[in-house]
2 protein chains.
Amino acid sequence: MKPVRVKAHGNVTRQANKKLRRERIFNIAKKLIALKGFDEFTISELAEEAGVSTPTIHNLFGKKEDIADELVAELILSLQKVMSFKPISDPIESASYYVTSIISMYKDKENFYRSAYMAADKTGVFEDRESVDSFYKQSIKIAEHCVIPALEQGFLLGNIDKKILTRQLYQCHRIGRQDWVYGYINLDQYHDQVLEAMLMAYATDASPECHQRISDKLKSI
Amino acid sequence: MKPVRVKAHGNVTRQANKKLRRERIFNIAKKLIALKGFDEFTISELAEEAGVSTPTIHNLFGKKEDIADELVAELILSLQKVMSFKPISDPIESASYYVTSIISMYKDKENFYRSAYMAADKTGVFEDRESVDSFYKQSIKIAEHCVIPALEQGFLLGNIDKKILTRQLYQCHRIGRQDWVYGYINLDQYHDQVLEAMLMAYATDASPECHQRISDKLKSI
DNA sequence: TACATTTTTTATTATATATAAAATTTGTCT
DNA sequence: AGACAAATTTTATATATAATAAAAAATGTA
C-alpha cells in the first residue's frame, strides 16, 4: 500500500504564487469593470488581457457573479474602517472632513471602488433597509453621530427632526457616488456635489450664526 | 411585363393589425422588464410569454437595444407634458403638488415608467449635463420656475444661491426615483421620500414663517 | 378561391458563460 | 539532474442568448 500524502510537497509556495497570479488578474478585472461596466466586461476579455484562457479565470474566481460578490465583500470590509471615524461637532468641519476623507480613500484605488460599487448595485446590498446590520442602518448611525454633537453644541437648533436630518445627510452621498461610479463626474466634482448637499442639509436646522457660515462656505465651493 | 404593385391590397389593415400585435407584445415586455430588470429579461422569454418565436420579436422590435431606445423615446415624450406645469409660489404647496402629480402619472403606467427609466439608465440620457436641450438642464429650469416665485413672494430669503437650491431640488427626485425603479421602495414611499427631501431643500432658505410651516409639514409625513 | 405580399417560423450563426477531462507546469525530494 | 505527485492550465465541449437569412405560412383583397 502506497503512503497517502494529503498535500503536495510544495503546496505552500504554490498557494503563495497562486495568490500573486490571482491578484494580478483581479486588478485587471477591476480596471476593465471600472472602464466598461460590470455587465459589459467579459470573462474572455479579462482572460485575453491577462494572457490566460477563460477556464483559468473560472478556476481562479469561479462564476462571474462570484467576482461581484468578492468585490462587494472587499468593499464592505474597507468601509468598516471609515465607519469608525471620530465625530466633529461643527457641521462645516464635519462635512468637509468626511467628504475629504472618503475622496482620498477612493482616489487611492479608484478602479477598485468604482467596480465594487457597480457590483454592489447588482446585488442590492446597499438598498436593504430592513436587517439590523444593514449598511443603510450603519450609515444612518454615523450620520447621527455627526448630528448629535452639533445639536449639543448649538450649531443645530433641533427644530427639524433628527431622523430626517440624518436621512438627508446619508442620501446626499448616494446620488453623487452613483454619478461618479458610472463615470458621469470625476472625484473632484463628486467632492463639490456631496459637500454642497451635506451643507444644505445642515443648513435646514442651523443656528443663525452657523447658517451664515454655511451660506458663506457654499459660495466658496 | 407584369404590373408593379408597390403595396399589397390589404396593407392598411395589415399595418393596423401589426400595430395591435406589436402593442400587445410591447406591454408584456414592459411587464417583464419592470419585474426582472432590463438585462435580466430575455427576448426568448418575451417570445414565449407572447406565444410567438424569437425572430418575431426581432422582426417587430429590432435589437434588444432598440427596445430600450423606444422606451426612452416614449418616456422623454411623456415627460415633456410634466415639464409644462404651472409654477406655484408657496414651497409646500409647490412640492406637494409636483410630487403628487408625478406619482399619479407613474401609478397609471407603473410597468412602463419603471422599465423606461431602467432603459434610460442604460443609455445615460439623464446624466448628460452638457448639451443645451439635456434633460438635466430642462429639469433645472423647472426647479428654477418653482424657486423664482417663492423668492418673489418672500417664502424664500435669497441667502442661499438660487443655483444651488434648484440643483438640490432636482437631485431630490433622482435618488427616490432610483429606489422605486429598481424595486426597493413603492410609490407611496417614493412620495414621502421625495417630498421630505424637497421640503428640506426649501427649508435651507425659507423665511421664518415658511420654515415653521415646513417643519410642521415634515412632522406630518 | 387565387394571389401578392406580409408575417412568422425553422434553421443557423455568433458570442458569452461555464464545466469536464486531458495536458502541462510546478515545486520538492532524492 | 531527474522523478514524482499535485496543482494548474488548456483543449474541447455544453448551454444560453441575441441576431439574421431563407423557407413556410398566414393575411386581406379582388
Side-chain angles (χ1 to χ4, degrees), chain A residues 1-26 28-29 32-33 35-71 119 122-123, chain B residues 1-26 28-29 32-33 35-71 119 122-123:
Chain A
M1 204 166 123
K2 260 182 156 180
V4 178
R5 213 184 309 165
V6 177
K7 288 287 173 184
H9 294 274
N11 201 39
V12 175
T13 319
R14 273 199 151 92
Q15 290 303 319
N17 286 340
K18 182 174 188 172
K19 201 180 160 188
L20 287 172
R21 286 196 309 276
R22 198 179 187 282
E23 208 167 290
R24 180 184 73 87
I25 298 178
F26 202 21
I28 300 176
L32 287 174
I33 295 168
L35 192 69
K36 321 187 73 180
F38 191 85
D39 288 322
E40 288 71 19
F41 120 96
T42 68
I43 300 289
S44 43
E45 190 186 9
L46 173 57
E48 197 173 359
E49 283 268 316
V52 297
S53 64
T54 50
T56 297
I57 304 297
H58 285 295
N59 174 287
L60 289 172
F61 299 97
K63 301 181 182 189
K64 196 177 177 184
E65 205 187 303
D66 294 336
I67 297 180
D69 291 342
E70 187 168 341
L71 283 168
K122 283 195 71 69
T123 64
Chain B
M1 204 167 125
K2 258 184 159 180
V4 178
R5 211 187 306 169
V6 178
K7 289 287 172 184
H9 296 273
N11 201 39
V12 175
T13 319
R14 273 200 150 87
Q15 291 303 319
N17 286 341
K18 182 175 189 171
K19 202 180 160 191
L20 287 173
R21 285 198 310 275
R22 198 179 185 282
E23 207 168 289
R24 182 185 71 87
I25 298 178
F26 202 21
I28 300 176
L32 286 174
I33 295 168
L35 192 69
K36 321 186 75 180
F38 190 85
D39 289 321
E40 288 71 20
F41 121 96
T42 67
I43 300 289
S44 45
E45 190 186 7
L46 172 57
E48 196 173 359
E49 283 269 315
V52 297
S53 64
T54 50
T56 298
I57 304 297
H58 285 296
N59 174 288
L60 289 171
F61 298 98
K63 301 180 183 191
K64 196 178 176 183
E65 203 187 303
D66 295 335
I67 297 179
D69 291 342
E70 187 169 341
L71 283 168
K122 284 193 71 68
T123 65

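In what follows, chains carry the letters A, B, and so on, assigned in the order in which the sequence lines appear, proteins first and then strands, with residues in each chain numbered from 1. Only this structure's heavy atoms are used, side chains among them; waters, hydrogens and symmetry mates stay out. The shown structure was predicted, so the numbers you read here are calculated from the model rather than taken from an experiment.
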Checking salt bridge (Lys or Arg N to Asp or Glu O under 4.0 Å) for the pair B:Lys63/B:Asp69: CA distance, chi angles, key distance, verdict? CA-CA 10 Å; B:Lys63 301 180 183 191; B:Asp69 291 342; over 6 Å; no
Can you tell me which nucleotide in D:dT9, C:dT8, C:dA20 comes closest to the side chain of B:Thr56? C:dT8
Counting only N and O atoms by type, is there a donor-acceptor contact under 3.5 Å from the side chain of B:Lys64 to the main-chain atoms of B:Asp39? yes
Rounded distance (Å) that lies between atom P of C:dT17 and atom CZ of A:Phe41: 8 Å
Between C:dT19 (C1') and A:Ile43 (CD1): distance, integer Å: 13 Å
Heavy atoms from C-beta onward define the side chain here; which of C:dT9, D:dT10, C:dT17 lies closest to that of B:Val52? C:dT9
Nearest to the A:Pro55 side chain among D:dT17, C:dT10, C:dA20, which nucleotide is it? C:dA20
Nearest whole angstrom, please: distance from the C1' of C:dT17 to the CG of A:Asp66. 12 Å
If I take atom NZ in residue B:Lys18 and atom P in nucleotide D:dG28, what distance separates them, rounded to the nearest angstrom? 13 Å
Using a heavy-atom cut-off of under 4.0 Å over every strand shown, decide if A:Thr42 touches base, sugar-phosphate, or nothing. sugar-phosphate
Of C:dT17, D:dT17, D:dA19, the nucleotide closest to the side chain of B:Lys64 is D:dA19
Counting the atoms with a prime plus P, OP1 and OP2 as sugar-phosphate, which does A:Ser53 contact under 4.0 Å by heavy atoms, base, sugar-phosphate, or nothing? base
Rounded to the nearest 0.5 Å, how far apart are CG of B:Leu32 and CD of B:Glu45? 5.0 Å
Take atom NE2 of B:His58 and atom C1' of D:dA18, then tell me their distance rounded to the nearest Å. 5 Å
